[in-house]
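Encoded as structure tokens, the structure appears first; notes follow it.
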Amino acid sequence: MNYYQFRAEDFAADDYFKEWVCSPDQESDAFWQEFLRDYPEKYYQVEEGKTLVEALYQINVVKADEAQVARVWSRIEGSVRKDGRGRFFVSSKKHFVWQAAASMLLLLGIAWLWHSRSGQRDDVATGNHLNQSAWVEQVNDAMETMQISLPDGSKIALEKSSRVRYAREFKGNQREVYLNGAAFFDIRKNPSKPFFVYTNGLVTKVLGTSFRVQAHDADPDVTVAVRTGRVSVYSSNETRTQDPEARGVVLTPNQKAVFQRDIKSLTKTLVEKPTVLVEKDNLPSFVFEDASAEKVFATLEKVYGIDVVFDEELMKNCTLTIDLSDEDLFQKLEVICKVLEVSYKLIDAQVIIYSKGC
């Protein structure tokens with residue numbers, strides 16, 4: 001069974017998974033613990049699958065007496081409006097009404113169990129149960145960003161409708177965080193203990209940097225955008241026959257990785273609004289007078305930390321007299337292209353210039 005492809009609802013429907021949740025034994029517990037060790041990014045899907053199974057179990061074990069059932073049915077039947085055809089309308093809809101009632105009961109059961117679990121998570125987040133677990137989970141249900149300090153001094157800005165799980169103490173040779181949602185990370189450098197962020201099918205490995213991860217369950221893509229430093233981003237794999245990091249990408253400032261979850265495709269490009277990476281005192285001028293295309297492109301590379309690829313021989317006679325002080329990177333590129341009658345594309349986070357010469 002290819003459990004790596006499963007989502008929460010798939011786990012909840014699987015007989016072996018349900019048997020483990022309801023009646024775990026040594027064999028099943030060992031299997032699922034090994035699965036989570038191999039695929040730690042599936043933690044939240046497994047936990048949500050367990051929640052669904054337990055909610056269904058709670059519903060199944062609740063029994064109501066005949067009188068209570070009769071009262072409930074009477075209220076449901078009375079709420080069905082007749083349309084002039086009398087009992088025919090009610091009886092023909094009875095199966096539908098029972099289905100609706102069962103669905104409402106199921107949702108209420110899941111909501112009750114989720115609320116109960118949420119209370120436990122809130123206790124963990126506030127520190128009430130830190131002595132009972134080696135892990136802490138923070139959930140941000142507020143509109144404001146939640147500021148979190150990790151045991152190593154790293155910082156997380158957890159955005160709304162997001163949650164993160166991390167160890168109470170970072171032991172061993174690596175630091176691990178599990179994210180569902182969106183957050184900005186500012187990681188304290190420690191080359192001997194790399195930092196890992198596990199999301200929906202994507203792993204981000206850093207030594208010390210700042211970056212943003214967006215990985216909501218409902219989003220088709222997972223994105224990692226780097227502000228400072230350097231990170232390695234790679235897709236989780238179904239097999240461990242080779243190093244998954246070898247098939248990933250390395251991101252530097254103003255670059256981002258986009259992971260398409262449905263087809264497991266990982267691409268690298270530039271962020272939507274690249275920032276200036278040079279300190280103000282060392283910022284070169286963007287006022288050019290009869291400047292060569294090579295000088296203009298070199299200035300862009302220095303200021304934004306990007307690669308501009310062009311045919312130097314073909315464009316050796318191309319010059320510009322222009323003021324680009326107020327434009328952002330992409331506006332600068334658009335203006336340059338219009339003046340020089342060239343075009344550009346973003347390929348693998350590089351700016352590729354297409355020209356016929358000047």
Side-chain angles (χ1 to χ4, degrees), residues 157 159 179 182-187 197 199-216 219-235 245 247-261 263-280 282-286 288 293-312 315 318 320 322 324-340 342-355:
E159 299 181 19
L179 171 69
F184 181 82
F185 293 82
D186 188 358
I187 305 304
V197 179
T199 53
N200 289 325
L202 201 66
V203 181
T204 302
K205 177 183 177 182
V206 304
L207 296 177
T209 185
S210 61
F211 58 98
R212 182 178 183 270
V213 179
Q214 181 168 328
H216 290 284
D219 293 340
D221 301 334
V222 179
T223 60
V224 179
V226 175
R227 178 179 294 179
T228 62
R230 183 187 300 263
V231 306
S232 173
V233 179
Y234 54 93
S235 169
E245 192 174 357
R247 297 194 300 276
V249 298
V250 175
L251 302 179
T252 56
N254 283 333
Q255 294 181 350
K256 73 175 183 178
V258 179
F259 178 63
Q260 294 176 270
R261 296 167 59 186
I263 60 174
K264 294 181 173 56
S265 171
L266 183 63
T267 57
K268 181 170 69 171
T269 186
L270 295 180
V271 298
E272 286 78 6
K273 294 184 177 181
T275 59
V276 173
L277 303 179
V278 178
E279 295 182 0
K280 188 175 181 179
N282 298 321
L283 186 65
S285 173
F286 274 106
F288 300 102
E294 181 180 4
K295 179 180 179 180
V296 175
F297 292 145
T299 303
L300 293 179
E301 290 183 325
K302 178 180 179 180
V303 172
Y304 294 100
I306 61 172
D307 290 329
V308 180
V309 180
F310 64 101
D311 189 323
E312 296 182 14
M315 300 188 67
C318 298
L320 296 93
I322 197 169
L324 298 173
S325 302
D326 298 328
E327 288 80 9
D328 61 29
L329 172 62
F330 291 115
Q331 291 172 334
K332 287 179 172 68
L333 286 172
E334 292 292 340
V335 173
I336 292 171
C337 287
K338 287 182 179 180
V339 172
L340 295 180
V342 301
S343 61
Y344 80 92
K345 288 184 180 179
L346 293 180
I347 301 177
D348 195 30
Q350 295 180 317
V351 178
I352 310 298
I353 303 294
Y354 298 89
S355 171

Could you tell me if the side chain of [Y] sits less than 4.5 Å from the side chain of [X], heavy atoms only?
X: Phe286; Y: Asp326; answer: no
X: Ser355; Y: Phe310; answer: no
X: Val197; Y: Phe211; answer: yes
X: Asn254; Y: Thr275; answer: yes
X: Val303; Y: Leu329; answer: no
X: Thr199; Y: Phe259; answer: no
X: Leu333; Y: Val308; answer: no
X: Leu346; Y: Val351; answer: yes

**Study point:** Results of salt bridge (charged side-chain N to carboxylate O under 4.0 Å, His left out) for Arg212 - residues two or more places apart only
**Key:** Glu159

In Å and rounded to the nearest 0.5 Å, what is the [atom1] to [atom2] distance from [X] to [Y]?
X: Ile353; Y: Lys345; atom1: CD1; atom2: NZ; result: 12.5 Å
X: Leu270; Y: Ile347; atom1: CG; atom2: CD1; result: 11.5 Å
X: Thr267; Y: Lys256; atom1: OG1; atom2: NZ; result: 8.5 Å
X: Leu340; Y: Leu320; atom1: CG; atom2: CG; result: 4.0 Å

For [X] versus [Y], what's the shortest heavy-atom pair and its separation?
X: Phe184; Y: Ser210; answer: CZ-CB, 3.6 Å
X: Ala349; Y: Gln255; answer: CB-NE2, 3.7 Å
X: Ile306; Y: Leu300; answer: CG1-O, 3.9 Å
X: Thr299; Y: Pro284; answer: CG2-CG, 3.9 Å
X: Arg261; Y: Val222; answer: CD-CG2, 3.8 Å
X: Asn282; Y: Lys302; answer: O-NZ, 4.3 Å

**Study point:** Tyr304: side-chain hydrogen bond (donor to acceptor under 3.5 Å, both in side chains) partners, not counting sequence neighbours
**Key:** Lys332

Check your understanding: Parallel, tilted or perpendicular for Phe330 and Tyr344, by the 30°/60° rule?
Key -> parallel

Exercise for review: Quick one: list whatever passes side-chain contact (heavy atoms from CB on, under 4.5 Å) with Lys338, sequence neighbours left out.
Suggested key: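 Checked Lys338 against side-chain contact (heavy atoms from CB on, under 4.5 Å); zero matches.
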
Looking at [Y], is its backbone amide N or carbonyl O close enough to the side chain of [X] to form a donor-acceptor pair, meaning the two atoms are under 3.5 Å apart?
X: Asn200; Y: Ala215; answer: yes
X: Asp307; Y: Glu301; answer: no
X: Lys268; Y: Leu251; answer: no

**Study point:** CZ/Arg230: more than 12 non-hydrogen atoms of other groups inside 6.0 Å
**Key:**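 No, not enclosed.
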
